[in-house]
There are 2 protein chains.
Amino acid sequence: MTRPRADGRRVRGERRRAELIDAALRVIERDGVSGVTHRSVAAEAGVPTTSTTYHFASLDDLLVATLTSSAENMAADIRDSIESSRIKGASPAAAVAHMLAEAVGPRRGRTMAEYELYLLAARRPALRPAARRWLDVLTSLARNPDEVGFRAFLSGVDGLLLQGLIDDEPPTAAELLPVVEALLAPLR
Amino acid sequence: MTRPRADGRRVRGERRRAELIDAALRVIERDGVSGVTHRSVAAEAGVPTTSTTYHFASLDDLLVATLTSSAENMAADIRDSIESSRIKGASPAAAVAHMLAEAVGPRRGRTMAEYELYLLAARRPALRPAARRWLDVLTSLARNPDEVGFRAFLSGVDGLLLQGLIDDEPPTAAELLPVVEALLAPLR
DNA sequence: AATTTAGCTGAACAATCGTCCCAATACCCT
DNA sequence: AGGGTATTGGGACGATTGTTCAGCTAAATT
């Protein structure tokens with residue numbers, strides 16, 4: 001499998017590989033996981049069809065790489081969002097509610113893609129470590145990660161996102177705020 | 001859903017339609033939504049291939065019917081489960097924890113299927129009413145459905161199920177119990 | 001009994017799928 | 001500069017897909 005060496009060789013291929021992963025994520029946002037084919041991803045990336053088969057042994061490998069990358073991005077986004085809310089002095093609940101509203105509103109497609117990949121991990125054990133990645137990131141931000149209340153909070157966030165995706169009208173931050181506060185209440 | 005006409009005509013066809021829906025659900029449990037094809041469903045039901053195209057105008061229609069049926073079944077299961085736990089005198093938290101452990105343990109395949117259909121509803125507005133069905137059922141069981149704490153509880157249940165599906169080792173009722181209690185605490 | 005109708009089925013279609021193969025190219029190391 | 005290897009690109013293969021269609025069986029109607 002294409003892996004950059006310590007001496008810096010073989011960098012060219014890694015770039016295209018990354019472009020294919022990004023293209024795959026865009027395809028999933030637009031058409032869902034079922035829309036991912038060698039051809040659709042290659043077309044989205046603007047490269048020949050067989051480029052996908054060269055860089056990824058199978059379609060499955062491409063999905064694994066995409067979920068891994070996606071989880072990493074999501075983790076970084078969450079970290080940034082919480083960081084910036086801390087700087088602006090907003091309450092934790094308000095920061096979380098705002099983030100959730102973004103996720104089910106403007107970033108809806110992205111959130112759908114991430115949960116489809118998330119659910120895919122339920123069927124393919126190879127994907128599970130990557131799927132658990134963002135839970136780990138959130139956990140690392142907690143003051144007391146082992147606390148039962150924190151697990152309840154994390155579950156609530158997952159549920160709110162999932163439910164927000166099947167609302168005809170995505171919930172606003174104002175609507176989400178009291179629920180987030182209820183989930184956060186046992187933690188203080 | 002399967003409904004004989006007043007004059008008794010056209011009962012046979014409705015039966016086969018229901019069989020196809022059940023077969024589709026079994027296929028989703030086994031291979032996921034992506035495994036649903038006209039041929040795989042027909043084979044699972046033990047009927048000729050084109051029987052699926054005769055009873056459902058398109059594959060999409062079959063998925064819509066399957067989700068609708070599945071949501072109805074799940075709603076009935078939850079109702080029964082809560083009923084029986086009330087009779088046995090167990091605490092609500094213990095009953096919920098037990099139900100969740102069943103869902104991510106022995107009934108794992110079924111739960112995966114339901115969440116895949118659930119997530120499918122995020123992309124197809126036509127599926128959303130059916131997807132919201134089981135939330136409605138749970139809501140109808142609540143003493144005070146509008147309460148914020150109850151929404152938090154429902155979200156937490158969704159999240160616990162989703163997270164339980166990507167665990168290598170499904171959580172036990174004993175492990176889930178304290179989290180469920182934390183989610184339930186604000187409600188009393 | 002004859003005929004109409006609903007229900008069902010097998011064969012076949014074009015389209016798309018994943019993947020393989022081979023030639024052309026770009027890059028690195030000696 | 002030259003040889004070797006990683007990468008790219010086009011074409012093609014067999015398999016599977018959703019769907020169509022004409023013909024079949026059995027029941028309902030007359």
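Only heavy atoms go into these numbers, but all of them, side chains included; no hydrogens, no water, no symmetry mates. Convention: sequence-line order gives letters A, B, ...; per-chain numbering from 1.
If you take CD on E175(A) and CG on L160(A), they are separated by 11.5 Å, rounding to the nearest 0.5 Å.
Considering every non-hydrogen atom in both L187(A) and R143(A), the closest pair reads O-NH2, 4.3 Å.
As rounded to whole Å, 5 Å separates atom P of dG18(C) from atom CG of L59(A). We find that CD of E14(A) is positioned 15 Å from C1' of dC27(C), with the value rounded to whole Å. The separation between D31(A) atom CG and dT16(C) atom P is 14 Å, rounded to whole Å. Atom CG of D61(B) is separated from atom P of dG18(D) by 13 Å (rounded to the nearest Å). Going from atom CZ of R15(A) over to atom C1' of dA6(D) covers 16 Å, rounded to whole Å.
When heavy atoms are screened at a 4.0 angstrom cut-off, T37(B) is found touching the sugar-phosphate backbone but no base atom. Here S58(B) lies in heavy-atom contact (under 4.0 Å) with sugar-phosphate atoms only.
More than 12 heavy atoms of other residues, nucleotides or ligands sit less than 6.0 Å from atom NE2 of H38(A).
Using a 4.5 Å cut-off on side-chain heavy atoms (C-beta onward), L177(A) and E181(A) make contact.
Residue Y54(B) has its side chain nearest to dG7(C) when only dG7(C), dT19(D), dT19(C) are considered.
A donor and an acceptor atom sit less than 3.5 Å apart, one in the side chain of T50(A) and one in the base of dG10(D).
Between R39(A) and dT16(C) there is no side-chain polar atom (N or O) within less than 4.0 angstrom of OP1 or OP2. Taking side-chain N and O atoms only, H38(A) has a distance below 4.0 Å to OP1 or OP2 of dT19(C). Note on R16(B): every side-chain N or O is 4.0 Å or more away from OP1 and OP2 of dA6(C). Applying the 4.0 Å criterion to OP1 and OP2 of dT8(D), one finds that H55(A) has a side-chain N or O inside that range.
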